[in-house]
Protein chains: 2
Amino acid sequence: MADDRLSLVFSALADSTRRDIVARLASGDATVNELAEPYDVTVQAVSKHIRVLESAGLVSRSRDAQRRPCHLEAEVFDLMTKWIERYRREAEDRFRRLDALLEQMDDQPVTGDATKEAAS
Amino acid sequence: MADDRLSLVFSALADSTRRDIVARLASGDATVNELAEPYDVTVQAVSKHIRVLESAGLVSRSRDAQRRPCHLEAEVFDLMTKWIERYRREAEDRFRRLDALLEQMDDQPVTGDATKEAAS
DNA sequence: CCACTATTCAACCGATTGGTTAAATACCCT
DNA sequence: AGGGTATTTAACCAATCGGTTGAATAGTGG
């Protein structure tokens, strides 16, 4: 389950430590040890986090002797942004239409019969 | 853990059923039963999904007799978009700088010194 | 070669997750 | 009041998650 790309990306970023790692990688590549240093968890735990980010396609790695520098892959962000923007736009459009409708109803108040409105 | 807003939102959207629900709500409010209908899971499971979306602030609900229509809250999307855009931009800028550097190195291959004009 | 550094693998643990079934609640309608 | 519909709560289950410790692997560099 949840092996589709979008699920992997969202769930990778659902963890604040991983988001933090992404934030740090945004300003430059770093090794596992470097990334682990600021946290009070073990380096193994950080290694696992990186693997999660990697399998979501958010991070790639190269070799430098025994080090495995991590590099942030920016393209994947597009996937999320596109998804988010799409539904946000739809929802906002609907909201605007409703808003317009309400305003219109406000302009010409309830003339006719007894629809009971919740007036507070 | 993970009780910060961003974690809640990302983890809510890390599930494809929940993303699907969001997608459907983007084109109009719907009740729990309506939302549950297309899936082969129980309505209780869908109710749980909605609760997750609700506590992430992605969905709000009203009352209509015994029904609880769900409504998509568009504002929360901003939170994600801002986060994503921020780090994507940083990562892309770095990528561009690196790209420029590599091109520059390509223009003037590793000779000792002398040539310092890279032209374009 | 050997010791040291960097990273991963393996096994385990408690908490959370997504799902189930069964029962409870809430509300409408006749 | 009572039956029907919509939804939630409760208790449970297997799987996954984030973390640990301990051991293994990979590669450098004196």
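Throughout, a chain's letter reflects where its sequence line sits, starting with A, and its residues are numbered from 1.
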Legend entry - Distance, rounded to the nearest Å, where Arg63(A) contributes CZ and dT8(C) contributes C1': 11 Å
Inset, instruction - Respond yes when some side-chain nitrogen or oxygen of Asn33(B) is under 4.0 Å from OP1 or OP2 of dT7(D), and no when none is. - result: yes
Legend entry - Whole angstrom value for the distance that separates P of dT17(C) from CZ of Phe10(A): 18 Å
Inset, instruction - Taking only the side-chain heavy atoms of His49(A) (C-beta and beyond), determine which of dA22(C), dT8(C), dG19(D) contains the nearest atom. - result: dG19(D)
Legend entry - Arg51(B) side-chain proximity, nearest of dT9(D), dT7(D), dT20(C): dT9(D)
Inset, instruction - Ignoring the backbone of Gln66(A), work out which of dT7(C), dG27(D), dT21(D) is nearest its side chain. - result: dG27(D)
Legend entry - Among dG18(C), dG27(D), dT8(D), the nucleotide that comes nearest once only the side chain of Arg68(B) is considered: dT8(D)
Legend entry - Atom-to-atom span, CG of Asp15(B) to C1' of dC17(D) - whole angstrom: 15 Å
Legend entry - Ser47(B) side-chain N/O to dT7(D) phosphate OP1/OP2 under 4.0 Å: no
Inset, instruction - Take atom OH of Tyr39(B) and atom P of dG19(C), then tell me their distance rounded to the nearest Å. - result: 11 Å
Legend entry - Interatomic distance, Asp64(A) CG vs dT5(C) P [rounded to whole Å]: 17 Å
Legend entry - Side chain of Val41(B) (C-beta onward), nearest among dT20(C), dC27(C), dG18(C): dT20(C)
Inset, instruction - Kindly say whether Ser62(B) contributes a backbone atom to a donor-acceptor pair with the side chain of Arg68(B) at under 3.5 angstrom? - result: yes
Legend entry - Heavy-atom side-chain proximity of Met80(B) to Met80(A) below 4.5 angstrom: no
Inset, instruction - Please confirm whether any donor atom in the side chain of Gln44(A) sits under 3.5 Å from an acceptor in the base of dG22(D), or the reverse. - result: yes
Inset, instruction - Among the candidates dA11(C), dT28(D), dT8(C), find the nucleotide nearest to the side-chain atoms of Ala65(A). - result: dT28(D)
Legend entry - Nucleotide nearest Thr31(B) when distance is taken to its side chain, options dA6(C), dT7(D), dC27(C): dT7(D)
Legend entry - Main-chain N/O of Ala23(B) paired to Arg86(A) side chain as donor or acceptor, under 3.5 Å: no
Legend entry - Arg18(B) side-chain N/O to dG18(C) phosphate OP1/OP2 under 4.0 Å: yes
Legend entry - d(CD1, Ile50(B); P, dT17(C)) in whole Å: 17 Å
Inset, instruction - Report the nucleotide, chosen from dT21(D), dA11(D), dG19(D), that has the shortest atom-to-atom distance to any side-chain atom of Lys48(A). - result: dG19(D)
Legend entry - Closest nucleotide among dT21(D), dG19(D), dT28(D) to the Ala45(A) side chain: dG19(D)
Inset, instruction - Return yes if some donor-acceptor pair links the side-chain N/O of Arg18(A) with the main-chain N/O of Ala12(A) below 3.5 Å, else return no. - result: yes
Inset, instruction - Check every atom of dG18(D), dT7(D), dG19(C) against the side chain of Arg67(B) and return the nucleotide holding the closest atom. - result: dT7(D)
Inset, instruction - Return the value, rounded to whole Å, for the distance between atom CG of Leu13(A) and atom P of dG18(D). - result: 12 Å
Inset, instruction - Supply the atom-to-atom distance Asp15(A) CG to Thr17(A) OG1, rounded to the nearest 0.5 angstrom. - result: 4.5 Å
Inset, instruction - Measure from CG on Leu8(B) to C1' on dT16(C) and round the result to the nearest Å. - result: 13 Å
